[in-house]
Amino acid sequence: MTQPTDRAWRGLPDSRGYYGAYGGRYVPETLIGPLQDLEYAYRALRASATFQTDLAELLRDYVGRPTPLTEARRLSAACGGARIWLKREDLAHTGAHKINNALGQALIARAMGKRRIIAETGAGQHGVASATVAALLGMTCVVYMGTEDMARQAPNVARMRLLGAEVRPVDVGSCTLKDAINEALRDWAANVTDSHYLLGSALGPHPYPMIVRDMQSIIGREARAQSLEQMGRLPNALIACVGGGSNAIGLFHPFLDDPVQLIGVEAGGQGIETGLHAARLADPERGRPGVLQGVHTYVLQDPDGQIAATHSISAGLDYAAIGPEHANLRVLARAEYTWATDEAALEAFHALARTEGILPALESSHALAEAIRLAPLHPPEHILLVNLSGRGDKDLDTILAQEGRP
Ligand SMILES: *Cc1c(COP(=O)(O)O)cnc(C)c1O
């Protein structure tokens with residue numbers, strides 16, 4: 001593996017919110033002030049011992065951290081070759097990594113004197129995490145969700161309502177995540193004095209990619225310490241699925257200066273050649289630099305520069321843009337990005353269920369699929385650490401429908 005010597009990934013983003021050529025703040029004038037206020041408040045809180053202590057206590061006592069690092073012995077034996085270990089974000093409260101960021105941002109909002117949380121959600125996982133932390137901290141929560149997504153993810157709509165959140169249907173455009181984001185931004189611009197916009201991935205305008213990465217870096221800090229303790233060394237490679245990129249950057253970031261290979265796995269959908277996928281970095285033809293929802297990054301586009309339709313069996317990976325820090329790590333060749341198809345992810349889901357007694361989220365199954373592909377190419381001394389970003393209970397309907405028995 002090539003290790004660039006200048007370590008150009010260090011200390012990013014720069015003062016303007018850029019990771020190399022990617023990042024920034026492409027928003028209407030009305031949002032510049034609120035984003036600056038958030039950035040200054042966060043920089044102060046990051047250095048505050050009280051804030052860090054409050055966050056650490058809730059991560060331990062409420063979220064259930066540290067999450068375990070589990071050696072997948074039977075899966076590794078079935079693959080032959082490298083040994084596979086799993087970072088168990090599926091065991092965090094609410095069943096995925098999203099709670100790490102939701103909790104952190106809710107504490108920032110509280111410290112800024114805000115009593116109301118605005119969130120948007122596609123599959124509903126981030127909406128559930130936001131509604132959960134709002135209930136915990138006694139804040140109001142409004143979640144924007146496309147009507148199309150509400151129909152597809154009815155159980156999560158019910159969960160958010162039971163947690164006391166108001167789910168506002170968005171009935172414009174394609175009635176999905178990108179329309180919900182626009183509505184959430186509109187609400188924030190109108191109600192910024194008492195509201196915080198809780199963005200769910202390492203995406204959007206500066207400072208969100210930085211805040212979300214910092215909040216998710218607990219995954220990598222724990223995984224690094226646990227590897228040294230349990231393996232007696234660092235793993236050879238880290239593998240994580242990449243939707244917006246928050247679980248992946250959270251795992252990768254504390255390892256950036258280590259001689260460890262970093263592998264992000266995007267949604268290959270029906271296959272790159274079909275165009276039915278969400279592989280922004282892995283499809284050189286349609287994934288190109290552009291601006292989407294406040295950030296300059298790699299975006300899936302048609303030949304005219306229109307945002308392309310995306311497809312993935314996992315709702316959490318089904319988005320046209322990728323977090324700007326990933327775009328930069330790819331350009332620097334510090335991380336590499338590949339894809340797994342819907343079919344490979346489903347196979348990986350079943351393999352983990354039967355060999356380890358764990359039902360992984362379909363998003364996480366993409367990372368597992370890459371580990372299963374790589375393992376036979378390496379000797380047993382080689383260690384692959386996979387981020388199991390969430391549990392699969394939410395995906396049972398999808399999986400059963402695929403098998404023709406709904
Ligand atoms: C939302 C989600 C993802 C994708 O989001 P990232 O920001 O890329 O991490 C991955 N896994 C699970 C379980 C999710 O809920």
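One-based numbering, in listed order, for ligands and for the atoms of each.
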Chemist: For I249, is there any backbone N or O sitting under 3.5 Å from a side-chain donor or acceptor partner on Q216?
Modeler: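 Not a single qualifying donor-acceptor pair exists.
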Chemist: Could you go step by step and tell me if N247 and E89 meet the side chain to side chain contact (heavy atoms under 4.5 Å, CB included) rule?
Modeler: CA-CA 9 Å; N247 87 86; E89 293 302 291; over 6 Å; no
Chemist: Can you say whether the rings of Y337 and H326 are parallel (under 30°), tilted (30 to 60°) or perpendicular (over 60°)?
Modeler: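 Perpendicular: the ring planes of Y337 and H326 meet at over 60°.
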Chemist: Please answer whether the main-chain N or O of A321 pairs with a side-chain N or O of R280 as donor and acceptor at a distance below 3.5 Å.
Modeler: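 Yes.
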Chemist: Mind jotting down which residue pairs meet the side chain to side chain donor-acceptor pair (under 3.5 Å) criterion with at least one end in residues 348-359? Sequence neighbours excluded, please.
Modeler: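 Residue pairs passing side chain to side chain donor-acceptor pair (under 3.5 Å), neighbours aside: H350-E403.
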Chemist: Nearest heavy atom to atom 2 (C) of ligand 1: which of H326, E89, Q125, K98 does it belong to?
Modeler: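 Comparing heavy atoms across H326, E89, Q125, K98, the nearest one to atom 2 (C) of ligand 1 lies in K98.
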Chemist: Which one holds for A361 and ligand 1: side chain close, backbone close, both close, or neither close, with close meaning a heavy atom under 4.0 Å?
Modeler: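 Contact part for A361 vs ligand 1: side chain (C-beta onward).
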Chemist: If you measure every N/O of S389 against every N/O of ligand 1, is any gap under 3.5 Å?
Modeler: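 Yes; the residue has a nitrogen or oxygen that sits under 3.5 Å from a nitrogen or oxygen of the ligand.
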Chemist: Hey, is ligand 1 close enough to H97 that some N/O pair sits below 3.5 Å?
Modeler: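 Yes.
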Chemist: When you measure from atom 10 (C) of ligand 1 to each heavy atom in H366, R391, E363, which option holds the nearest one?
Modeler: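 It is E363 that holds the nearest heavy atom.
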Chemist: So which protein heavy atom does atom 4 (C) of ligand 1 come closest to, and at what separation?
Modeler: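 Protein heavy atom with the smallest distance to atom 4 (C) of ligand 1: G316 O, 3.3 Å.
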Chemist: If you look only at pairs with a residue in residues 199-209, which of them pass as a side chain to side chain donor-acceptor pair (under 3.5 Å), with sequence neighbours excluded?
Modeler: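 For residues 199-209, and leaving out neighbouring residues, the side chain to side chain donor-acceptor pair (under 3.5 Å) pairs sorted by first residue read E39-H206.
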Chemist: Does A248 come within less than 4.0 angstrom of ligand 1, counting non-hydrogen atoms of the residue?
Modeler: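 Judged by the 4.0 Å heavy-atom criterion, A248 does not count as contacting ligand 1.
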Chemist: With heavy-atom distances below 4.0 Å as the criterion, list the atoms of ligand 1 near C241.
Modeler: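 Checking each atom against C241, I get 10 (C).
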Chemist: What about G243: any of its N or O atoms under 3.5 Å from an N or O on ligand 1?
Modeler: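 Among all N and O atoms of G243, at least one is under 3.5 Å from an N or O of ligand 1.
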Chemist: Quick one: which ligand 1 atoms are inside 4.0 Å of a heavy atom on G390?
Modeler: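 Those qualifying, in numeric order: 13 (C).
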